[in-house]
Amino acid sequence: MRLPGRVRYTVIMSTYDPKLIESKWQKRWLDENLFAASDQMPRKKMYVLDMFPYPSGDGLHVGHVKIYTASDIVARYLRMKGFNVLHPTGWDAFGLPTENTAIKKGIQPAVLTAQNITRFREQMQRMGFSYDWNREVNTTDPQYYKWTQWIFLQLFRMGLAYQATIPINWCPSCKTGLANEEVIDGKCERCGTPVEEKPMRQWMLRITKYADQLLEGLGGLDWPKFVLDLQHNWIGRSEGAEIIFTLDQAGKDLPVFTTRADTLFGATYVVLSPNHPVVGEITTPEQQDAVQAYLKEAQKQVQLNSESEKEKTGVFTGAYAINPANNKKVPIWVADYVLMSYGAGAIMAVPAHDVRDFEFATKYKLPVEQVIVPETAAGETHLPYVEEGILINSPGFDGLGGAEARKAVVRKLQLSKKAKVSVQYKLRDWVFSRQRYWGEPIPVIHCEKCGVVPVPEKDLPVELPAVDKYEPTGTGESPLAAIEEWVNVKCPTCPRIGRRETNTMPQWAGSSWYWLRYVSPNYTPAFADPAIMQKWLPVDIYVGGSEHAVLHLLYARFWQRVLHDANLVPHSEPFKRFRAVGLVIGEDGQKMSKSRGNVINPDEMADKVGVDALRIYEMFMGPFEASVAWNINGMKGSRRFLDRTWDLIVKHAPTAVDRKDQVEDEEVELLLHQTIRRVSESTENFKFNTAISSLMEFLNVLEKKPSLTMQTLQPFVLMLAPYAPHISEELWEQLGHTQSLAYEAWPAVNQKLLARATVTVPVQVNGRVRGELQFDPGISEEEVIKRARELPNVQKHLTGKALVKTVYVPDRLLNFVVK
RNA sequence: GCCGAGGUGGCGGAACUGGUUUACGCGCACGACUCAAAAUCGUGUGGUCGCAAGGCCGUGAGGGUUCGAGUCCCUCCCUCGGCACCA
C-alpha cells in the first residue's frame with residue numbers, strides 16, 4: 001500500500017540489508033523499463049557506451065565491474081543532469097575461447113554462447129547497471145551478422161577487401177592465421193604460442209589506404225594520450241625518399257627507401273632483404289653457394305622468431321649497384337636485418353650515420369665514409385653520428401643541413417628520375433580471414449568461370465551451418481570446408497555450381513560497427529536507421545580497456561571511415577571521448593589469473609558486502625585509469641561508509657524538516673555546496689575516487705550534527721545515487737518519495753554562497769607557515785597585513801628582522817619576506 | 001635502443017592555473033561497550049627534538065628559477081606500459 005505525499009509508507013529497516021533492497025530495486029527498474037532511451041529526443045542526447053563483453057565461460061570479472069560501474073555512474077549522472085541518455089550493452093560472442101571450450105565439452109558453440117550470455121546478463125543485472133536492455137545486441141545472432149556480412153560486401157565492392165596469397169602469421173596452436181595486431185612479441189596474442197610464417201590465401205582489408213586519414217583523425221579526439229601515441233606509432237608514417245640505384249650489370253633499377261637522403265654520398269653498400277626478388281638473378285656464380293646457404297639460414301631464423309638482439313648477419317652477392325648521386329659502384333649484400341615488408345625491401349647502407357649499418361660494416365669490414373658533421377662541435381666526430389648536421393664530402397651539397405639538404409638531394413636526382421618523395425607506413429593491411437568455425441562466414445562464392453562472386457544481398461545472412469565436427473583442421477582450411485552440402489552452391493551469376501568461401505571473419509569484425517546497431521537494433525532495411533543515427537551518433541563517451549588501443553579501436557575507426565565515405569554514417573570518427581580503465585590486480589600484486597589462484601569473483605564480493613559497496617570500492621580504490629591491487633579490507637571500508645550513510649538518513653528521516661530557503665546550519669550548508677561542486681566535477685572528469693572521498697567528508701560532518709533538514713539529506717542521497725544506486729533509491733523512498741530518483745534533478749551549486757564563504761589564509765614568514773587568519777573574502781590587503789602582524793607566532797619571527805617585501809595573494813596567502 | 005606514463009606516510013592514494021604536503025580510506029595504537037572476543041563508537045597516527053609552546057627535517061637523487069616548488073627548468077636513478085633491425 002502506497003500513500004502519497006510526506007506520509008511514510010515503508011517500514012524503516014533498522015539496519016542496512018543490501019540483498020533485500022538490491023533485488024527490490026533491480027526488479028522495479030526492469031519492470032518499469034526505467035532506463036529505456038527514447039528516440040524522440042525530448043532533451044539533449046548523450047550516448048554513453050562501454051566495450052561490450054565477450055561472454056566467456058568464466059563469468060563476469062571484477063575488471064568488467066570496474067569499467068561498467070564507471071560508465072553506469074556517468075550515465076546515471078547525465079540522466080539526472082537532464083540528458084536523454086543512450087546506455088546499451090550486448091555480446092561480442094564469436095571467437096576462439098568459446099569454440100575451444102565447445103570442442104572440449106562436446107557442446108555446440110551456439111549453445112554454449114547462449115548459456116554464457118544468460119549467465120553474464122544475470123551477473124550484469126545484479127550489479128545494477130542501468131542499461132537499456134531493449135537494445136541488447138549479439139554478434140552471433142544471424143540478424144546481427146547479416147549486417148556484418150553486408151558491410152564486408154561494401155568493403156569488397158569498394159575494392160577494400162581482396163584476396164592475396166602472402167606469408168601470414170600462423171598460430172600452430174589455434175590453427176589459424178592472425179592479424180599483425182594480434183601478434184605480441186612474436187607470439188599469439190591469445191595463447192602465447194610463437195607464431196610461424198606461412199604463405200596462405202587470405203582475405204585482406206586495405207586499411208593502409210586509410211593510414212593518413214586514421215592518423216589525421218587522431219587530432220580531434222579526446223582520448224588518453226598514450227592511446228593516441230600507440231595508434232600513431234602503429235600506423236608509423238615516415239616521410240622520406242625512394243632513391244633509384246642501378247644494378248651494375250643488368251642496368252636495371254634498384255629502388256631503396258630512406259628518410260636520410262642527405263646521407264646519400266655516404267652510402268658505401270646496398271643491402272637487400274633475403275626475400276627480395278632480385279637476389280637470385282644478380283648473385284654471381286662465385287657467390288651462389290654462399291648466398292643460397294645464407295637464405296636457407298635466414299628462413300630458419302624467421303621461424304625460430306629469434307630475439308631481436310641477435311647479431312647481424314649477411315652475405316655478399318658478388319654484384320654491384322651504382323649510387324645515382326656520384327656514380328660510385330657499391331657492393332650489394334643480402335642481410336636479414338632488412339625487412340621485405342617495409343619500404344622497398346632494400347636499403348642504402350650509410351654506416352657513418354646509422355647504428356645498424358655501422359654495426360654491420362664493422363663486422364664485415366665495409367668502408368665507412370663520413371658525410372655529415374655536427375653543426376656546432378669542432379674536431380673529430382664519434383661515429384656513427386646519427387643526428388642531423390652539415391653535409392661534407394657531398395659535391396654540390398656541402399654546407400647544407402637537415403631537411404634543406406634532403407630536399408636538395410632529392411630535387412636534383414628527380415631531374416634524372418633517380419629519386420622521388422616517398423611516404424612509408426608500418427601499418428600493414430588487415431589479415432581478415434580465420435580458418436576456424438565460430439565466426440561470421442565470409443559471404444562470397446568462388447566460381448570457376450565468374451571468379452569471386454559476392455553473395456547477393458537478398459541471400460544474407462550466410463548462416464553458419466550446424467556441424468558435428470568444428471575442430472580446426474590445421475590444414476589452412478576451415479572446418480566448414482568439410483560440409484559439402486553447404487559449400488557447394490549455385491553461382492549467383494551463372495548456372496555452374498560454385499564453392500562458398502569457407503574462411504570466417506576474425507573476432508574483431510562484429511565489434512567494428514556494433515555501436516551503430518544500438519541506435520536501432522531491430523531495424524531490418526539496413527544496418528541502422530539513418531534518421532535515428534542522426535539523432536544518437538556519435539558515441540559521446542566510450543569506456544573500456546587499453547588492451548584494445550590498437551586492435552578494436554583502430555579497426556572500429558577504420559570501418560566507421562569507410563561507411564562514412566560511402567555516405568552511410570554521419571560522422572568520420574565513432575568515439576569522441578574515450579577513457580581507458582586501469583587493471584584490477586590481485587591482492588598479491590600480480591595480474592589475476594586462474595593459474596595463480598588470485599582471481600576475485602564479483603558475485604562473491606557482492607554476497608559479502610553488497611553490490612553498492614562493491615561498486616563504491618572499485619571506484620574508490622584508486623584513479624580509474626590506474627592499475628590497483630585488490631584489498632579486501634578496503635572493500636569492507638566502503639561497506640562501512642554505506643552503513644553509516646544508512647544510519648544517518650534513517651535516524652534523521654522521521655524528524656527532518658523541509659525548509660525551502662534556509663538550512664539551519666551554516667557549516668553544513670557551505671559544505672553541501674562545496675560537495676555538490678566537487679562531486680559534479682569529479683564525476684564529469686572520471687575522478688570517481690575523489691568524488692567518493694568528498695561524499696565521505698560530507699558524511700563525517702553530518703554525523704556530528706544533532707538535526708538535519710531535507711535540504712541537506714536529499715541532495716546527499718541524490719549525489720550518492722549514481723555510485724550506489726540501490727541504497728540511494730531505498731533511502732530516497734524513506735525520505736518520503738514514491739518515484740525513483742533516477743530522473744530527479746542533480747543538486748545545483750549555490751555559487752554565491754561559495755563566493756561569500758569565509759576563507760582561511762596561511763601567514764608565512766620567508767615561505768614558512770607561522771600562523772593563519774580567517775576572514776570574509778575581499779577584505780583589503782592592509783587589513784590582512786595588520787591582522788597578520790598581530791599573530792603572536794608571526795610577531796616572534798618578525799622581531800629583530802628587516803622586512804624586505806610582502807607578498808599577498810588575495811584570499812589565498814600572505815608571506816612576509818624578512819632579512 | 002625508441003615512444004609514453006609515473007616515483008608523495010606502514011599501505012591505496014589526495015593536492016585547483018606554483019600558495020598550509022599527506023584530504024579520504026585501509027592498517028596500527030590507546031580508550032569506551034562486553035565475562036570475553038568480534039562488530040560498533042571515540043581519540044591519536046610523516047620523521048625527529050621537546051614537559052609544553054614550539055623548533056628542525058621531509059614528495060626517487062642532485063642542481064636551478066622563485067617571496068614560495070610534489071607542481072616549472074636541467075642532469076641522473078628506478079618502476080610500469082607500448083614498440084622493437086621500420087632504413
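Every heavy atom of this structure was used, including side-chain atoms; hydrogens, water molecules and symmetry mates were not. All values reported here derive from a predicted model rather than from experimental measurement. Throughout, a chain's letter reflects where its sequence line sits, starting with A, and its residues are numbered from 1.
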- Item | Nucleic acid contacts - residues 789-808 of chain A versus RNA chain B, non-hydrogen atoms under 4.0 Å | A/Asn793, A/Lys796, A/His797, A/Lys805, A/Val807
- Message: Below 4.0 angstrom, which residues in residues 760-768 of chain A have at least one non-hydrogen atom near RNA chain B?
- Response: A/Thr760, A/Pro762, A/Gln764, A/Arg768
- Query: With A/Glu781, which residues qualify under salt bridge (Lys or Arg N to Asp or Glu O under 4.0 Å), at least two apart?
  - Reply: none
- Listed once per pair and sorted, the salt bridge (charged side-chain N to carboxylate O under 4.0 Å, His left out) pairs that draw on residues 794-819 of chain A, sequence neighbours left out: none
- Message: Restricting to side chain to side chain donor-acceptor pair (under 3.5 Å), what partner residues turn up for A/Gln795, sequence neighbours left out?
- Response: none
- Task: Please confirm whether any donor atom in the side chain of A/Asn633 sits under 3.5 Å from an acceptor in the base of B/C26, or the reverse.
- Result: no
- With sequence neighbours excluded, give me every salt bridge (charged side-chain N to carboxylate O under 4.0 Å, His left out) pair touching residues 617-644 of chain A. A/Arg639-A/Asp643, A/Arg644-A/Glu703
- Pairs meeting criterion ring pair (Phe, Tyr, Trp, His ring centres under 6.0 Å) with involvement of residues 795-819 of chain A, two or more places apart: none
- Query: Using a cut-off of 4.0 Å between protein heavy atoms and nucleotide atoms, how would you tag nucleotides 5-18 of chain B 5' to 3' with B, S and -?
  - Reply: S------BSSSB--
- Can you name the ring pair (Phe, Tyr, Trp, His ring centres under 6.0 Å) partners of A/Trp630, sequence neighbours left out? A/Tyr617
- Query: Expressed in whole Å, how much space separates the C1' atoms belonging to B/C78 and B/U8?
  - Reply: 16 Å
Using atom types as modelled, flag every donor-acceptor pair under 3.5 Å from a side chain in residues 262-275 of chain A to any protein atom, sequence neighbours excluded.
from, atom 1, to, atom 2, distance (Å)
A/Asp262, OD1, A/Arg260, NE, 3.0
A/Asp262, OD2, A/Arg260, NE, 3.4
A/Asp262, OD2, A/Arg260, NH2, 3.2
A/Thr263, OG1, A/Arg260, O, 2.7
A/Thr268, OG1, A/Pro367, O, 2.8
A/Tyr269, OH, A/Asp357, O, 3.1
A/Ser273, OG, A/Asn275, N, 3.2
A/Ser273, OG, A/Val338, O, 3.3
A/Ser273, OG, A/Met340, N, 3.3

- Item | Contacts of type ring pair (Phe, Tyr, Trp, His ring centres under 6.0 Å), residue A/Phe245, not counting sequence neighbours | none
- Item | By ring pair (Phe, Tyr, Trp, His ring centres under 6.0 Å) - contacts of A/Tyr337 (at least two apart) | A/Phe360
